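So the structure is just underneath, and the comments pick up after that.
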Amino acid sequence: NAGVTQTPKFQVLKTGQSMTLQCAQDMNHNSMYWYRQDPGMGLRLIYYSASEGTTDKGEVPNGYNVSRLNKREFSLRLESAAPSQTSVYFCASRFRGARAFFGQGTRLTVV
Amino acid sequence: KNEVEQSPQNLTAQEGEFITINCSYSVGISALHWLQQHPGGGIVSLFMLSSGKKKHGRLIATINIQEKHSSLHITASHPRDSAVYICAVSGSGGSNYKLTFGKGTLLTVNP
């Protein structure tokens with residue numbers, strides 16, 4: 001079982017560059033999420049998609065965009081990367097009210 | 001907004017010791033989650049509970065809804081239990097698609 005697959009695992013960007021983080025789940029979950037994890041701050045919600053065709057902002061959406069391409073895939077785009085976006089990014093999925101499943105994370109450094 | 005507090009922030013134990021990690025939250029919830037993250041690794045869901053107690057191997061999770069408090073216990077701790085343990089809560093009612101996370105407890109078990 002693949003679960004939640006995130007790509008890439010590591011990425012270094014220069015300030016101003018753009019990139020897309022990919023996430024796919026094979027558990028038929030309705031809800032998908034993007035979080036960032038920073039030292040001493042815990043996981044913070046960037047964007048979520050409660051169901052296919054809908055997306056909503058979380059706590060820290062500035063500088064990011066998302067696309068729920070279909071039920072399986074939820075991508076996160078950085079249009080113009082900034083050093084403040086250096087973080088570890090996690091994608092997650094779940095049925096509403098059930099346990100969450102997380103990807104392995106993407107370690108992003110913006111220089 | 002729900003505030004999730006974990007204690008202690010850091011915990012060092014000797015192999016074989018009984019370990020307790022605490023989590024408290026400020027607002028009523030639909031469920032509480034305990035997650036495990038090994039250094040540099042992904043996040044794995046250990047438990048989801050809304051009342052009482054759950055046990056899986058050497059891990060036990062309890063919740064007291066009235067006191068808004070949960071504990072994660074590890075019996076006969078082992079060096080492989082060394083990880084960050086994260087408490088998260090699901091909001092109630094229309095907010096139960098969202099998870100709010102604590103900052104985590106770093107557990108180190110020495111042989």
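Keep in mind it's a predicted model, so treat the numbers as computed, not measured. Residue numbering restarts at 1 for every chain, and letters A, B, ... go by the order of the sequence lines.
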Handout entry: Nearest-0.5 Å distance, CZ of residue A:R94 to CE of residue B:M48
Key = 7.5 Å
Practice task
Might you work through the side chain to side chain contact (heavy atoms under 4.5 Å, CB included) test for B:L99 and A:Y35, ending with a clear yes or no?
Solution key: CA-CA 10 Å; B:L99 293 176; A:Y35 297 97; 3.9 Å; yes
Handout entry: Proximity breakdown for A:E59 and chain B, heavy-atom pairs closer than 4.5 Å
Key = side chain
Handout entry: Flag, side chain of A:R99 to backbone of B:S45, donor-acceptor distance under 3.5 Å
Key = yes
Practice task
Report the option among A:A50, A:S31, A:A98, A:G58 that has the most heavy-atom pairs separated by less than 4.5 Å from atoms of chain B.
Solution key: A:A98
Problem - Joint cluster assignment, B:I86 & B:I19, ILVMFWY side-chain distance < 4.5 Å - result: no
Practice task
Side chain from CB out, backbone as N, CA, C, O: work out which of these in B:L46 comes under 4.5 Å of a heavy atom of chain A, or both, or neither.
Solution key: backbone
Practice task
Kindly compute the distance separating CD1 (B:I43) from CG (A:L43), expressed to the nearest 0.5 Å.
Solution key: 4.5 Å
Problem - Residues, nucleotides or ligands: over 12 heavy atoms within 6.0 Å of B:E15 CD - result: yes
Problem - A:F102 and B:L35, any side-chain heavy atoms less than 4.5 Å apart - result: yes
Practice task
Select, from A:G105, A:G103, A:G40, the one with the greatest count of heavy-atom pairs under 4.5 Å involving chain B.
Solution key: A:G40
Practice task
Group every Ile, Leu, Val, Met, Phe, Trp and Tyr by side-chain heavy-atom contacts under 4.5 Å, then state whether B:I74 and B:F47 land in the same group.
Solution key: yes
Exercise for the section: Following the transitive rule for hydrophobic clusters with a side-chain heavy-atom cut-off under 4.5 Å over Ile, Leu, Val, Met, Phe, Trp and Tyr, establish whether A:V66 and A:M32 coincide in one cluster. Expected result: yes
Practice task
May I ask whether A:W34 and A:V88 are part of the same hydrophobic cluster, defined by side-chain heavy atoms of I, L, V, M, F, W, Y residues being less than 4.5 angstrom apart, directly or through others?
Solution key: no
Problem - Joint cluster assignment, A:F101 & B:L32, ILVMFWY side-chain distance < 4.5 Å - result: no
Problem - Heavy-atom contact with chain A under 4.5 Å, split by part of B:S30 - result: neither
Handout entry: Value rounded to 0.5 Å, distance of NZ in B:K103 from CD in A:Q37
Key = 13.0 Å
Exercise for the section: Pick one of side chain, backbone, both or neither for A:Y33, based on which atoms fall under 4.5 Å of a heavy atom in chain B. Expected result: side chain
Handout entry: Side chain, backbone, both or neither of A:R44 within contact of chain B (heavy atoms, under 4.5 Å)
Key = neither
Practice task
Please state whether the side chain, the backbone, both or neither of A:A100 comes within less than 4.5 Å of a heavy atom of chain B.
Solution key: both
Practice task
Sort B:Q37 into side chain, backbone, both or neither according to what part of it lies under 4.5 angstrom from a heavy atom of chain A.
Solution key: side chain
